[in-house]
Amino acid sequence: MNTVITLPDGSQRPYDGPVTALQVAGDISGRLASAAVAARVDGQLCDLSAVIEGEHELQLVTDRDEQALEVLRHSAAHVLAQAVVRLYGPKVQYTIGPALIDDFQYGFYYDFDLPEPISAEDLPTIEKEMAKIIAEDLPTERSELPIDQAKQRMAQLGQDYKVEMIDDLARDEGASVVSFYKQGEFVDMCRGPHLPSTARLKVVKLLTVAGAYWRGDEANKMLTRIYGVAFFNKKDLAAHLDRIEEARKRDHRVIGKQLGLFLLSDAVGPGLPLWMPNGAIIRMELETWLRGELLKRGYLPVYTPHIGRLDLYRTSGHYPYYKESQFPPIQISEDEGYLLKPMNCPHHIQIYKAVQHSYRDLPVRLSEFGTVYRFEKSGELSGLTRVRGFCQDDAHIFCTPDQLEAEIESCIELTQMILQTLGLSDYRVRLGLRDADSDKYTGDAAHWDQAEDNIRNVVGKLGMNFTEERGEATFYGPKIDFVVKDCLGREWQLGTVQVDYNLPERFDLEYIGSDNAAHRPIMVHRAPLGSPERFVGILIEHYAGAFPLWLSPMQVAVLPVSDKTNDYAATVLSALKAADIRAELDDSPEKIGAKIRRATLAKAPYMAVLGERETAAGTIAVRHRTGGEAGALAVDEFVAQLRQEIDSKGLETPLLPTGS
RNA sequence: GCUGCUGUAGCUCAGUGGUAGAGCGCGUCCUUGGUAAGGACGAGGUCAUGGGUUCGACACCCAUCAGCAGCUCCA
């Protein structure tokens, strides 16, 4: 049978019989053959050794192709597994080892069930063995076996996890054959494709070792996961490692310490952050701003205590659902117990219930910066992003079915406005839906369907990009989450809007409709920041500590050139303070260069350099933290410009005009 | 919570089975300097906590607490 290969440029190559992608590449050029890592036949990714017969489109995947990196890293994972088996013996069980493409730090991993624990100190040894395997230039050979034989083969090798995976493939995907890859003495069950030979792997580095549950299930055995990265050249690896190192400098835990923003004190307890004066300014500014926005939008402020009766949370469902992740109740007597509040909604619900509501009153929007406590598992705690005691910029909206979607929309717009103002544009939107197979959700299916339709309608109307994720809903309703990544690429939920038909039911909430009959309101739970703790943690990383002027703890560093001008500096300081600008005077006996350095490291947006010239002219020599002299300004001009930048919540620093 | 690692001065980190060091920061003094580090001197540590091994432990072992990476979880 004749074979005709059509290349991406439209040209065709005829062959008398079957041909492999690698052969075609070689016929085009030797260079292409050595650059190709895989092939795409009729759009389907496959090995270079795949046999092509008949009329097909062929595209050779080279290192310039995005998917090439995936193939490379997948092969790197196989070499890692081979090295581990060589070093730790046939008792090693290798399970799964995928390539990672979107991960900020890691390029691949492999999960092992090892006969002995290993640590990061063992990684160089493993890397050496991998280098050997690469040097051995072992060709990779693909083969296929029917399910039964495949299981037998893996069972013979003592690979119980693989046997389980084959069963899954047969059951879930109806697979009748399974493919294997063999390189030297090592055989792995794998879809592929892979590099044609281990020698094609040039730059591999192992990064860390960690635990990971088999199948990601806590109930299963913990396996040993080894993470690594692989690239086509050393330059890319060096750039990658640099990027990680740079990112670590943005870590809010590092910057938070440097700039005195917050503190996690062992004496107070894990996950209980203390806001230091500089951090408190940032939080205060955000909250003040948000309070104003809420009042404009018809929210009613309320305050509620930090604890409530256990029964309240039994009714709401929070206690039974999250018993394990609560601080234990405060038991006063056998039948009187209190819980640190894990959520504000039950308290707000009581406020709603305290008076009778007419449909004319709705929507009722009760807002509170309410502090809640959750006993997060110790391994989960992390800086400000995951804590045990934190505030929520919370509100609960009680409304009629007719009002619901407009309220959801308004919550989304508020959240988007906040993110936009702060320049947080790199976020994704997730619709958290219920998993109908799970028993973790409360309430009836009709309400769930209704609620899911409600949020879909709104995000659809607003034309938002979003992903739907089953099993990500709260126990009482579906939600819209705004998710961002931290400096190391880990995702965190910030803002959230949740639709709830269930708590109104549980608490028997009512309003009187125009028909003079009692109706059930619907609740919206929403927090545009999510939590000031987590939000500020993310903001610290977003700005790398260099906050916009309105949020900066120190807005102006007042720097006399020598103590001859200290008096003038003091008058400038007073003028700034009188204008509600956060200014600090550095009258230490340092030279001006050192003072500038200190203020720059403290991320003060502006420096007012005051020497004899300025004293004589009554001006300020302005410098921005990004460097360079911006010229001299009269004190009142400087104040006016700062005021404008502060009031506009400017992200970009306007250039201060030069001149006297 | 689980797997692995880590815990030494305010911070960042060296360090050895024979009772502790650097840089930065801090204090005092000198210097009066014009846009990212002037100089001198000085104070400061129950080497996370509790056990154990040892003539002797910051070092070795065990436990606890906390942190880091990952997994799991996240109302």
Side-chain angles (χ1 to χ4, degrees), chain A residues 105-106 109 111 114 117-123 207-227 248 251 253-254 257-258 260 264-267 269-271 313 316-319 321-322 324-326 341-346 372 374-383 385-387 392 394 432 440 442 472-477 479 481 488 490 492-493 496 498 500 503 525 527 530 534 559-566 588-601 607 609-614 621-625 627-630:
Chain A
Q105 298 187 74
Y106 306 124
Y109 66 80
D111 285 350
L114 294 176
I118 63 165
S119 76
E121 288 168 19
D122 301 306
L123 295 182
L207 295 172
T208 187
V209 43
Y213 298 108
W214 166 236
R215 293 177 183 289
D217 187 338
E218 226 176 341
N220 289 339
K221 183 166 184 184
M222 177 143 290
L223 307 173
T224 303
R225 173 172 297 181
I226 298 174
Y227 281 100
R248 288 188 199 282
D251 190 317
R253 292 164 298 191
V254 173
K257 208 176 262 180
Q258 283 166 353
L264 285 155
S265 156
D266 200 16
Y313 300 101
S316 72
H318 290 102
Y319 187 60
Y321 274 88
Y322 292 102
E324 299 310 311
S325 23
Q326 306 252 275
K341 71 177 170 185
M343 280 294 272
N344 299 302
C345 27
V372 298
R374 298 173 184 179
F375 193 79
E376 306 287 4
K377 287 187 279 187
S378 60
E380 273 309 333
L381 300 175
S382 174
T385 45
R386 193 76 183 270
V387 292
Q392 292 179 316
D394 211 355
K440 104 176 206 205
T442 183
E472 291 295 317
T474 74
F475 74 88
Y476 49 73
K479 58 178 182 162
D481 287 334
L488 290 181
R490 297 166 295 205
W492 298 99
Q493 174 200 314
T496 183
Q498 308 171 350
D500 179 6
L503 292 188
H525 309 235
R534 177 177 290 178
L559 311 178
V561 172
S562 80
D563 58 14
K564 286 182 195 154
T565 52
N566 277 357
S588 67
E590 292 298 332
K591 302 215 293 194
I592 190 64
K595 292 184 186 183
I596 287 170
R597 177 181 155 80
R598 202 187 305 194
T600 307
L601 290 176
M607 284 156 251
V609 177
L610 307 172
E612 298 192 37
R613 288 200 293 275
E614 289 73 25
V622 179
R623 184 188 164 97
H624 191 257
R625 66 183 161 209
E629 295 175 57

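Each chain gets a letter, A, B and so on, in the order its sequence line appears, and its residues count up from 1.
- Comparing B:C55 with B:U46, their P atoms sit 28 Å apart, to the nearest whole Å.
- Judged by distance alone, the side chain of A:R625 and the main-chain N or O of A:A599 form no donor-acceptor pair under 3.5 Å.
- A distance-only check finds a donor-acceptor pair linking the side chain of A:D122 to the backbone of A:S119 [under 3.5 Å].
- Among the heavy atoms of the strands lying under 4.0 Å from A:I118 are primed sugar atoms or P, OP1, OP2 only; no base atom is included.
- Within the 4.0 angstrom heavy-atom criterion, base atoms lie near A:E612.
- Atom-to-atom, CG of A:D563 to P of B:U32 comes out at 10 Å; the value is rounded to the nearest Å.
- The nearest whole Å value for the distance from the CG atom in A:D266 to the P atom in B:C68 is 12 Å.
- Between the side chain of A:K595 and the main chain of A:P560, a donor-acceptor pair closer than 3.5 Å is present.
- Nucleic acid contact class of A:I592 (heavy atoms, under 4.0 Å, all strands): sugar-phosphate only.
- For A:R215 and A:K591, each mapped to the nucleotide of RNA chain B holding its nearest heavy atom, the one lying further toward the 5' end belongs to A:K591.
- Between A:M343 atom CE and B:C74 atom P the separation is 14 Å, expressed in whole Å.
- Straight-line distance from the CD atom of A:E121 to the C1' atom of B:G4: 11 Å, rounded to whole Å.
- Considering only side-chain N and O atoms, A:R598 lies nowhere under 4.0 angstrom from the phosphate OP1 or OP2 of B:C24.
- Between the CE atom of A:M222 and the C1' atom of B:G4 there is a distance of 10 Å, rounded to whole Å.
- The distance from atom CD of A:Q326 to atom P of B:C73 is 18 Å, rounded to the nearest whole Å.
- A distance-only check finds a donor-acceptor pair linking the side chain of A:R374 to the backbone of A:P342 [under 3.5 Å].
- Between B:U49 and B:A43, the distance separating the two P atoms is 24 Å to the nearest Å.
- Residue-to-nucleotide contacts include no donor-acceptor pair under 3.5 Å from the side chain of A:Y213 to the base of B:G70.
- The gap from the C1' atom of B:G34 to that of B:G10 amounts to 32 Å, rounded to the nearest Å.
- Side-chain nitrogen and oxygen atoms of A:K257 include none within less than 4.0 Å of the OP1 or OP2 phosphate oxygen of B:C24.
- Across B:C71, B:G4, B:A69, the shortest atom-to-atom separation from the side chain of A:A212 is found for B:C71.
- Listed nucleotides: B:G67, B:G70, B:G33. Nearest to the side chain of A:R225: B:G70.
- Phosphate proximity of B:G70 to A:Q105: present, with a side-chain N or O under 4.0 Å from OP1 or OP2.
- A:T474 comes within 4.0 angstrom of the backbone, heavy atoms only, and of no base.
- A:D217 and A:R215 are not joined by a salt bridge, as no carboxylate oxygen comes within less than 4.0 angstrom of a charged side-chain nitrogen.
- The CZ atom of A:R534 sits 6.5 Å away from the CD atom of A:Q493 when rounded to the nearest 0.5 Å.
- Between A:E376 and A:V387 there is no side-chain heavy-atom pair separated by less than 4.5 Å.
- The separation of B:A57 from B:G1, taken at their P atoms, amounts to 32 Å, rounded to a whole angstrom.
- Taking the P atoms as reference points, B:U6 lies 12 Å from B:C62, given to the whole Å.
- The separation of B:C11 from B:C68, taken at their P atoms, amounts to 15 Å, rounded to a whole angstrom.
- Considering only side-chain N and O atoms, A:K479 lies under 4.0 angstrom from the phosphate OP1 or OP2 of B:A75.
- For A:R490, the side-chain atoms get nearest to B:G70 when compared with the rest of B:G70, B:A75, B:C73.
- The residue A:P342 sits close to a base: some heavy atom pair falls under 4.0 Å.
- When distances run from any side-chain atom of A:P270 to the nucleotides B:A36, B:A37, B:A66, the shortest one goes to B:A66.
- Ring pair A:F475/A:Y322 is tilted by interplanar angle, where 30° to 60° counts as tilted.
- Distances were taken from every side-chain heavy atom of A:Y476 (C-beta onward) to each of B:A75, B:U35, B:A69; the shortest belongs to B:A75.
- Rounded to the nearest Å, the gap between the C1' atom of B:G7 and that of B:G42 is 29 Å.
- Among the nucleotides B:C74, B:G34, B:A36, the one closest to any side-chain atom of A:L601 is B:A36.
- Between B:G1 and A:S378, a contact under 4.0 Å exists linking OP1 or OP2 to a side-chain N or O.
- Looking at heavy-atom distances under 4.0 Å, A:S325 makes contact with a base.
- Atom pair A:D217:CG and B:C71:P shows a separation of 15 Å (rounding to whole Å applied).
- Here the separation of B:C58 from B:G4, taken at their C1' atoms, is 24 Å to the nearest Å.
- Distances shorter than 4.0 Å separate some side-chain N or O of A:R623 from OP1 or OP2 on B:A36.
- Computed from coordinates, the A:D251 CG to B:U12 P distance equals 12 Å when rounded to whole Å.
- Here A:G611 lies in heavy-atom contact (under 4.0 Å) with a base.
- Between A:H318 and A:Y313, the two ring planes are perpendicular [angle over 60°; tilted spans 30° to 60°].
- Side-chain to base pairing of A:R374 with B:C74: no donor and acceptor N or O lie closer than 3.5 Å to each other.
- For the pair A:F475 and B:A75, the ring geometry does not qualify as stacking, because the centroid separation below 5.5 Å and plane angle under 30° are not jointly satisfied.
- For A:E376 against B:A75, a side-chain-to-base donor-acceptor contact under 3.5 Å is absent.
- Listed pair A:R253 / B:A69 meets the phosphate criterion, a side-chain N or O lying under 4.0 Å from OP1 or OP2.
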